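Structure, as structure tokens:
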Amino acid sequence: MDKTRTAISLSIGADRPGARINPAMWGIFFEDINFGADGGLYAELVKNRSFEFPEPLTGWSKISPSHARGQLSIRQDDPFAPANPNYLRIESRAAAPLGVANEGFRGMGVRQGEAYQFSAQIRNVSGSPALRIALYSARGHLLDSVQLQGFSADWKKYTTVLNPQNTDAHATLYVLVEGSGVVDIDMVSLFPEHTWRNRAGGLRADMVQLLADMKPGFLRFPGGCIVEGSELAYRYQWKNTIGPLENRQLVINRWNYEFLHRPAPDYYQSFGLGFFEFFQLCEDLATQPLPIINCGMACQFNSCELVPLDQLGPYVQDALDLIEFANGPADSTWGQVRAEMGHPEPFNMNMIGVGNEQWGPQYVERYKVFAAAIKARYPEMQLVAATGSDATIFPNGKAEIEYLWSQWRALGPEIVDEHFYRNPEWFAENANLYDAFDRNGPRVFVGEYAAQSVGVASPDNRNNWQTAISEAAFMTGLERNADLVVMSCYAPLFGHVDAWQWTPDMIWCDNLRVYGTPNYYVQKAFSINRGDVVLPVQLAGGQTDSQPGFFASATRDESAGEIILKVVNTGAEPVTAALRIDGASQLKSTGLAMTLSGGLADENSLDEPRKVAPVSATVSGVKPEFSYTFKPHSLTVLRLGETA
Ligand code: AHR
């Protein structure tokens with residue numbers, strides 16, 4: 001029996017263009033969660049390189065064969081960097097090697113054929129010992145080894161290169177004193193030479209590439225709850241994340257202890273990926289920076305600590321200084337810091353979020369102080385305010401959100417950030433969420449969302465096709481309402497398969513590999529097929545009992561001269577729709593279809609990274625009225641060329 005149904009007709013008003021679409025419509029949310037920065041995007045392989053974790057030898061183990069004599073100690077006297085005072089002293093009193101091994105972030109991923117730059121600050125204290133730098137595989141095979149010697153009596157940086165003989169995802173780095181003598185070491189680092197744009201001390205190229213492929217409109221940074229800190233002392237302070245690495249002070253990562261069921265006691269923020277690197281990445285990706293700053297409130301899911309209103313000054317100053325760091329002339333105080341880091345030109349930031357998931361009158365009071373100060377100095381800066389968290393997961397969520405919207409309508413931030421962590425059914429059912437939304441007020445930023453297959457942040461959540469296709473249905477609603485919804489992003493971004501705290505996540509990695517989930521391919525499909533202007537779509541016969549899920553949106557890409565139609569069929573049957581393009585200028589007879597489809601339970605994985613991935617095909621017979629069959633459980637993007 002042919003199960004294809006033809007009950008649906010879909011018309012596109014090509015002659016009735018609507019709202020212009022914000023070029024920053026589809027973006028990226030970055031947070032250091034799930035080892036997203038340290039152990040993930042930031043390509044450093046050594047964990048706790050400066051011995052500053054509260055247990056200074058976390059990540060390190062003593063290597064001391066029975067014929068070795070000597071000891072290890074953590075010291076602070078006459079340090080290399082007073083901001084990070086701890087260093088390791090290795091005192092060896094025998095010829096046998098003595099030292100330490102670093103386990104990396106759940107191991108170190110190294111590749112045969114690639115070079116790895118070892119560096120450390122080293123000071124010779126007595127004798128003239130050498131240092132053996134070696135990489136071993138998880139099974140204990142030597143991958144490479146070099147000797148460093150001739151150290152000065154003052155702190156000095158020494159470097160060498162390791163070339164592993166084999167590829168290993170869980171290698172270990174050894175640093176051993178050979179010969180008797182005493183040396184001090186600090187800032188021990190091992191970096192792949194191949195990084196994104198081959199920057200020394202840079203980012204994992206394979207992970208950035210997936211982001212670049214999305215052509216994101218903006219990059220939100222640094223989160224997420226990490227902005228707030230569980231207590232104010234642990235909030236994200238951008239000034240601690242710039243300048244020489246040895247001056248960036250470590251902070252415990254809030255996801256270290258947030259979930260009892262997923263503890264990560266070795267999770268700290270080294271800030272090797274800090275605010276300069278964030279702006280630089282935005283520039284690389286040609287995307288707009290969207291920093292989110294702490295507004296004088298710690299996380300309201302944790303301590304709820306508040307900065308008294310009359311003590312907000314330094315917090316507000318941090319926000320103003322951040323804008324100057326990004327945009328100020330190279331001879332301004334903070335612009336000069338940026339210039340000294342190698343970027344005299346401004347980064348052209350034009351929006352800033354005040355607070356992440358904050359709610360209640362205390363938030364509004366603090367927002368007002370920030371808004372007044374920022375607008376007084378930078379009237380062009382667009383402000384992003386929040387509506388707390390997902391209404392279902394914070395106290396009195398619905399009432400709080402209504403309260404905040406009433407405040408924002410009066411106070412007038414340009415953009416308001418909404419978060420949705422719901423089940424897949426909710427996303428499909430709410431594709432019309434913004435259809436009748438009050439347009440008299442700020443624009444909407446759907447700043448965190450992801451379908452949760454089991455429950456919010458449940459460890460059993462899956463990045464399966466069902467979650468992705470439901471998000472796609474929802475996104476057609478965002479696109480249709482692009483006059484109101486000006487930005488959106490999936491959250492969280494990264495998950496490390498051996499070190500995650502929160503799932504689902506858009507992109508997963510291990511120490512060597514990375515893959516995009518079906519949710520990633522949905523985000524990418526919308527982003528790379530954005531278009532410049534919304535075209536109205538009319539569906540008839542779509543929402544029947546047997547075929548409840550058929551969703552569509554359309555745009556025009558003016559420079560390409562193409563109509564872009566996105567159709568989501570969440571039903572289990574193929575649907576042949578009668579398409580009508582009203583008022584199109586001459587249509588090319590062939591177009592392009594990009595289809596994502598699969599079983600609802602289908603997932604991608606490290607071993608099968610493209611089980612759900614886009615398939616492209618030519619569409620023939622395109623005319624003002626033609627029919628097209630949409631696969632079951634599919635997202636289809638049709639690009640139809642106009643000739644005049
Ligand atoms: O995306 C994960 C977390 O969810 C974010 O840090 C927070 O803003 C939200 O509660």
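As the structure lists them, so they are numbered: ligands from 1, and atoms in each ligand from 1. Keep in mind it's a predicted model, so treat the numbers as computed, not measured.
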Check whether any heavy atom of P492 sits under 4.0 Å from an atom of ligand 1.
yes
Ligand 1 N/O within reach of E31 N/O, cut-off under 3.5 Å:
yes
How does N356 reach ligand 1, if at all, at less than 4.0 Å between non-hydrogen atoms: by side chain, backbone, both, or neither?
side chain
Which protein non-hydrogen atom lies closest to atom 1 (O) of ligand 1, naming both residue and atom, and how far is it?
Y421 OH, 2.8 Å
Can you name the atoms of ligand 1, numbered from 1 with element, that are less than 4.0 Å from a heavy atom of G224?
5 (C), 6 (O), 8 (O)
Y42 and its ring-ring contact (aromatic ring centres under 6.0 Å, His included) partner, picked from F35, F105, F191
F191
Numbered in order shown, the ligand 1 atoms found under 4.0 Å of a heavy atom of C225 are 5 (C), 6 (O), 7 (C), 8 (O), 10 (O)
Among all protein heavy atoms, pick the one closest to atom 8 (O) of ligand 1 and tell me residue, atom and distance.
E448 OE2, 2.6 Å
With a 4.0 Å cut-off, would you call K611 and E603 a salt bridge?
no
For D38, side-chain hydrogen bond (donor to acceptor under 3.5 Å, both in side chains) partners two or more places apart
S270
Could you tell me whether F301 approaches ligand 1 through its side chain, its backbone, both or neither, with non-hydrogen atoms closer than 4.0 Å?
neither
I need the contact type for W255 against ligand 1. Using non-hydrogen atoms and a strict under-4.0 Å cut-off, is it side chain, backbone, both or neither?
side chain
Counting non-hydrogen protein atoms only, what is the nearest one to atom 10 (O) of ligand 1? Give residue, atom name and distance.
E357 OE1, 2.7 Å
Let me confirm one number: the CG-CD1 distance from D32 to I226, rounded to the nearest 0.5 Å.
5.0 Å
Only residue of F347, F30, F221 satisfying ring-ring contact (aromatic ring centres under 6.0 Å, His included) with F275 is F221
The criterion is ring pair (Phe, Tyr, Trp, His ring centres under 6.0 Å); which residues satisfy it with H496, sequence neighbours excluded?
none
Trace of the side chain to side chain donor-acceptor pair (under 3.5 Å) decision for Q249 with N240:
CA-CA 6 Å; Q249 277 174 334; N240 289 346; 4.7 Å; no
Using the rule given for ring-ring contact (aromatic ring centres under 6.0 Å, His included), can you reason through W426 versus F474, listing the C-alpha separation, both sets of side-chain angles and the distance that settles it, and then say yes or no?
CA-CA 9 Å; W426 182 90; F474 182 69; 5.7 Å; yes
Does the N or O separation between H419 and ligand 1 drop below 3.5 Å for any pair?
no
